[in-house]
Amino acid sequence: MTSLSLEFFHSCSAGAGSTKAFPNSFSKRRIRPSHIQTHVSLSCSSRIFSSYSCSATLSSMAEEVEKQTFDVERAALLVQELRGSFNSGKTKDYEWRISQLKGIAKMVEEKEQEIIQALHEDLSKPESEAFVSEISMTKGSCKLAIKELNRWMMPEKAKTPMTTYPSSAEIISEPLGVVLVISTWNYPFLLSLDPVIGAVAAGNAVVLKPSEIAPATSSLIAKLLEEYVDNSAIRVVEGAVAETSALLEQKWDKIFYTGSGRVGRIVMAAAAKHLTPVILELGGKCPVIVDSNVNLQVAARRIIAGKWGCTNGQACIAPDYIVTTKDFAPKLIDALRDELEEFFGKNPMESKDLSRIVNAYHFIRLTKLLDEAKVSDKIVLGGQRDEKQLKIAPTILLDVPEESLMMNEEIFGPLLPILAVENLEDGFDVINSKSKPLAAYLFTNNEQLKKHFVRDISAGGMLINDTILHLTVSTLPFGGVGESGMGSYHGKFSFDAFSHKKAVLYRSFDGDASVRYPPYTPGKLRLLKALMSGNIIVIILALIRWLRSADKIDQ
Amino acid sequence: MEAKEGMEESLAGLRETFKSGRTRSLAWRKSQLRALLDLLRENEERIFKALHQDLGKHPVEAFRDEIGVLEKSTNFCLSHLEEWMAPKKGPLPLLFFPTKGEVLSEPLGLVLIIASWNFPISLALDPLIGAISAGNTAVVKPSELAPACSSFLASSIPLYLDTKAIKVIDGGQDVGEKLLQQKWDKIFFTGSPRVGRVVMSAAVKHLTPVTLELGGKCPTIFDSFPDSRDLKVAVKRILGGKWCACSGQACVGIDYLLVEEKFASTLIDLLKKELEKFYGENPKESNSISRIINKQQFRRLSDLLKDPLVRASIVHGGSLDEDKLFIEPTILLNPPLDAAIMTEEIFGPLLPIITLNNIEESIEFINSRPKPLAIYAFTTNETLKRRIISETSSGSLTFNDTILQYLCDALPFGGVGQSGFGRYHGKYSFDTFSHEKAVLRRPFFPELEARYPPWNDFKMNFIRLAYSFHYLGIILLFLGLKR
């Protein structure tokens, strides 16, 4: 399966590469194949790329042979150039890192309107939402890194055992080298810049590949970064499958990928060839358990904010489905209906406060989930759609069959199925029967249930009595487990994600115990045992015994 | 050797155990760690014997590098486990009040540990200490190239540890391949980069995180010393880091020495003198030095010496005995840099010395090669030390000694670049086998209206102020004094 998709991936890149290779320097030019705007069905870096979407790419490439093919050779040149910058040592410099971070902060500050505009173009993202989840989060990350960098870079003292006395030790964070960040389209600005901030703070050279599915944001990022940061060490490559596979052929010191498990596997397989460590930020079906003893209005609002208030459900930590009790389900549905009307008006299709579906491909994917037999008749709210505007109304479904597509694939859209169970602990079994999600949510006032939830459910992160918010807390690591990914970031965790923790041990020439060296004798074994125990009294006793024995300290 | 179905069945059993939650309790983890200590203490002689059989390791070396290390790690883990398991608080901004955030370390599930043959006991059990302390169920696959140790582990572990949670599956490459096809929650591998790639490629199928403990050519920078006493200690430590660690068959062992040209002959004389003190006039007769693991490795090493230019660079030793699988401690002076001995990891008792005009050139020399697992530097020059720290990259860096960083529980042990990724030892072992789960707890009150649509200017202003933690501004906004 993996090898198949990889092969497929490579055949794509070969097809694109054969069109024409351009050796001229691309250092000052942004690479952006023109087909990406017309072929919205292409979705390599984020969710799915089927053979359907790929053939579309290839045919379009054939028609519009572009002068800007980014192939393996050019990718190699790019990496070589950045490696040169990294080897010069400038990116390790505290001053350089700070100046780049300040550049990014300034860019976000000055170009706020342009960024909001691009996000609107790509996703109809409401301004407030764009500001909250993309602008502010990026700015916050940047400011935190600027403020804390000094502390993060400080070597960490480590204790040394008696066995190695006299010695001292420290752990030094050093940059990994040249890293690749592959971003996605749902938070196209934040999820591109946030990892880059970590990479730069840690002193790496970095190549960012934003998602071609959000073309306006992608090209804006390419344009802005060229303007605001040091292009000899921070670079953007725009593009789709061909460009991504050309990049993945290269040797990186770390690859940070946000997107689907399917492409995550391709990234990891490519990384295995060069023994490159990867961070995979994937998704999963994030469950919400709702108990009957909660403040219903507040719970409903927080669920809505986490679902439809996050790019209309197109978020990796958005609630995917709700589990609640049979008795409580109708009350919860009523509350959700009331609050949805309060938020998005009587006709949500007209609301300016909802994002649209990113492209036709995903629109079709979502309607397929809805139109499946035994699913379509479970809609209790919403269900309206407008293919032309790529809009789907907030939709709630009750008791969708467990074997349906909707309950087995990540929904990633404005559909919210509710499962009604006899008691909530049954909900735990439902969750545990699926792969580990990126986030799990629980609404309850029952302390016992909270305890069991935290103990029995494994998820990247969990949040009790709210949604999404844990993402904004920089002191918490953000990342998945199992199918939802590996590695974590945010705040200092981002810095660590792009650093190597080098152990440094300092020894003096005093206190050299000849017991370490041959020729070995039974006396040395006894003393060694004492030394390794780390117990000072045992050591002294053994030393006395050893000195009195036939063995001599050979100096 | 188990059939594939048998393997799948026994792994299903381990998964059931994990699901039951038994391995999560502090009591279970501690009981297993204590049982491991019992295993080591009660079977010391058997372990010595097995290591002697597989590698000709002397008991002192066996204790220092295997049993002793393991006892120390287990004790360290036992005394800190409770503190590691405690949730860590994540401080939150005032805006979130009264929210609580914490990071919980939870076990990953079922993990696979693939050990290597050079320290066949410690490289199998040291990661296991981490896996147990983090509350996982585990399968250990010892190296079939150290058969006595492998069968010792397979027979003794079930007698001491919880057989429903920890299994040893021994066997050759076919067993290893079958194991890699299974679904794991983590794979911890110690060995070569070549097999490391195979392991990582197999892990892709189930998106399994891996820790790869590989090797590399660990260089030693040897500055000249004004103090002859220091010099003598330094030379001993070189020997300690080369031939005393499984006769150079160690991933953190010294691979080659970098020294200034004018100093080379003094150093070689000292090395020879100490070698004689350590192993006598005829090292083949010494029981203090390990032998080469097997014929294949022996031939690989003797092939390294076959190149006539390499052969000609031998300044000490060089005698081989295939029947006894013995290779004499061998020193080479300036073998060609493009010869296999200088491009591949040596992993044996051959020590090339490369001379430089100036010791500072060693930094460039090291940087032009893949990142090693360890760099050793003998120097008292503080400027040089600082340069080495900031300008070279390696898993670890030790000044004025060798191998000892491996013993420090407070230091992460692991590679970077070609020498691997992920780290272990002490708390790092615990972390390697844990998932750090972020848990945020919120009350239902207070509730901030401004979080929700329909959006308006007031909400936008509020959010702006909130994100900059401008509390005064927020108050003014609510009082209608700020626009």
Side-chain angles (χ1 to χ4, degrees), chain A residues 2 126 128 131-132 136 140 158-161 163-164 169 171-172 174 261 264-265 268-269 272 275 277 295 298 301 305 309 343-344 353 454 458 461-466 469-470 473 475-477 481 483 486 500-507 509 512 516-520 524-525 528-529 532, chain B residues 58-60 63-64 68 72 90-92 101 103 106 193 196-197 200-201 204-205 207 209 230 233 236 240 244 278-279 288 389 393 396-401 404-405 407-412 416 418 421 423 435-444 447 451-455 459-460 463 467:
Chain A
T2 313
S128 288
F131 182 82
V132 173
S136 294
K159 275 190 197 154
T160 52
T163 325
T164 65
I171 302 163
I172 288 175
E174 64 176 30
R265 285 178 167 82
M268 190 172 167
L275 290 172
N295 180 315
V298 174
R301 291 173 151 238
F343 284 8
F344 305 115
D353 295 332
V454 171
S458 180
M462 38 183 50
L463 177 44
I464 292 168
N465 292 335
D466 213 322
L469 274 191
H470 62 299
V473 178
T475 51
L476 294 179
V481 58
E483 280 286 320
M486 58 182 87
H500 163 56
K501 302 286 170 186
K502 181 159 79 176
V504 182
L505 179 65
Y506 301 86
R507 283 270 286 159
F509 289 104
D512 199 46
R516 280 170 68 185
Y517 307 118
Y520 299 129
K524 283 187 179 176
L525 179 58
L528 200 63
K529 284 185 181 176
M532 301 279 275
Chain B
H58 189 281
V60 174
F63 186 86
R64 186 194 63 197
K72 173 199 62 74
L92 299 173
V103 181
E106 66 174 26
R197 286 185 177 89
M200 190 172 172
S201 301
V204 167
K205 191 172 156 199
L207 284 175
D230 287 356
V233 173
K236 274 192 181 184
C244 301
F278 278 20
Y279 304 117
S288 292
I389 290 175
S393 180
S396 63
L397 169 60
T398 300
F399 287 105
N400 298 330
D401 213 326
L404 276 197
Q405 78 276 19
L407 295 179
C408 298
D409 296 300
L411 289 179
V416 58
Q418 287 293 294
F421 56 81
R423 43 187 180 256
H435 163 55
E436 292 203 318
K437 181 161 77 175
V439 181
L440 193 63
R441 294 162 203 268
R442 294 265 291 153
F444 284 99
E447 179 72 341
R451 274 175 70 185
Y452 306 115
W455 303 119
K459 288 180 182 176
M460 186 68 169
I463 292 164
Y467 265 104

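On a predicted model such as this, the values are computed, not experimentally measured, just so you know. Throughout, protein chains are lettered first and strands after them, A, B, ... in sequence-line order, and every chain is numbered starting at 1. The basis for the numbers below is simple: all heavy atoms, side chains too, and nothing from hydrogens, waters or symmetry mates.
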Give the intermediate values and the outcome of side-chain contact (heavy atoms from CB on, under 4.5 Å) for residues B:V60 and A:L528. CA-CA 8 Å; B:V60 174; A:L528 200 63; 3.8 Å; yes

What option among B:R423, B:Q405, B:M460 has the most heavy-atom pairs under 4.5 Å with chain A? B:M460

So which residue, A:F344, A:F131, A:F509, A:Y517, ends up with the most heavy-atom pairs under 4.5 Å with chain B? A:F509

For the interface with chain B, which of A:M486, A:K501, A:H500 has the highest count of heavy-atom pairs at distances below 4.5 Å? A:H500

Going by heavy atoms in the side chains, are B:L440 and A:D466 under 4.5 Å from each other? no

Is a donor on one side and an acceptor on the other found under 3.5 Å between the side chain of A:D353 and the backbone of B:W455? yes

So CZ of A:R516 and CG of B:L404: to nearest 0.5 Å the spacing works out to 4.5 Å

Quick check against the 3.5 Å criterion: does A:K502 have a side-chain atom that pairs as donor or acceptor with the backbone of B:I389? yes

Using a cut-off of under 4.5 Å on heavy-atom pairs, state which of B:P412, B:P59, B:G68, B:G240 scores highest against chain A. B:P412

Side chain, backbone, both or neither of A:P126 within contact of chain B (heavy atoms, under 4.5 Å): side chain

Taking every non-hydrogen atom, the tightest pair across A:T160 and B:C408: CG2-SG, 4.3 Å

Over all atoms of both residues, closest heavy-atom pair of A:I171 and B:A410: CD1-O, 3.7 Å

Nearest non-hydrogen partners of B:H58 and A:Y520, listed with the distance: CE1-CB, 3.2 Å

Do you know which two heavy atoms are closest between A:A158 and B:L411, and how far apart they sit? CB-CD2, 3.7 Å

Tell me, for B:F444 versus chain A, whether the close heavy atoms (under 4.5 Å) come from the side chain, the backbone, both or neither. both

Describe, in one word, how the ring planes of A:Y506 and B:F399 are oriented to each other, choosing from parallel (under 30°), tilted (30 to 60°) and perpendicular (over 60°). parallel

Which atom of B:R442 lies closest to which atom of A:L469, heavy atoms considered: NE-CD1, 3.4 Å

Given heavy-atom pairs under 4.5 angstrom as the criterion, report whether the side chain, backbone, both or neither of A:E174 touches chain B. side chain

Does any backbone or side-chain atom of B:E436 lie under 4.5 Å from a heavy atom of chain A? Answer side chain, backbone, both or neither. both

Could you go through the side-chain contact (heavy atoms from CB on, under 4.5 Å) check for B:V233 and A:R507 one step at a time? CA-CA 11 Å; B:V233 173; A:R507 283 270 286 159; over 6 Å; no

Considering all heavy atoms of both residues, which atom of A:F343 and which atom of B:P453 are nearest to each other, and what is their separation? CD1-O, 3.0 Å

With only heavy atoms counted, which part of B:K437 is less than 4.5 Å from chain A, the side chain, the backbone, both or neither? both

Note: vs chain B, highest number of non-hydrogen pairs under 4.5 angstrom among A:A503, A:G461, A:G264 is A:A503

Enter the distance from A:N465:CG to B:R441:CZ here, rounded to the nearest 0.5 Å. 10.0 Å

Taking B:D409, B:V439, B:D230 one by one, which has the highest count of heavy-atom pairs under 4.5 Å against chain A? B:D230

Counting heavy-atom pairs under 4.5 Å with chain A, which one of B:C244, B:S393, B:G196 comes out on top? B:S393

Between OG on residue A:S128 and NZ on residue B:K459, distance to nearest 0.5 Å: 8.5 Å

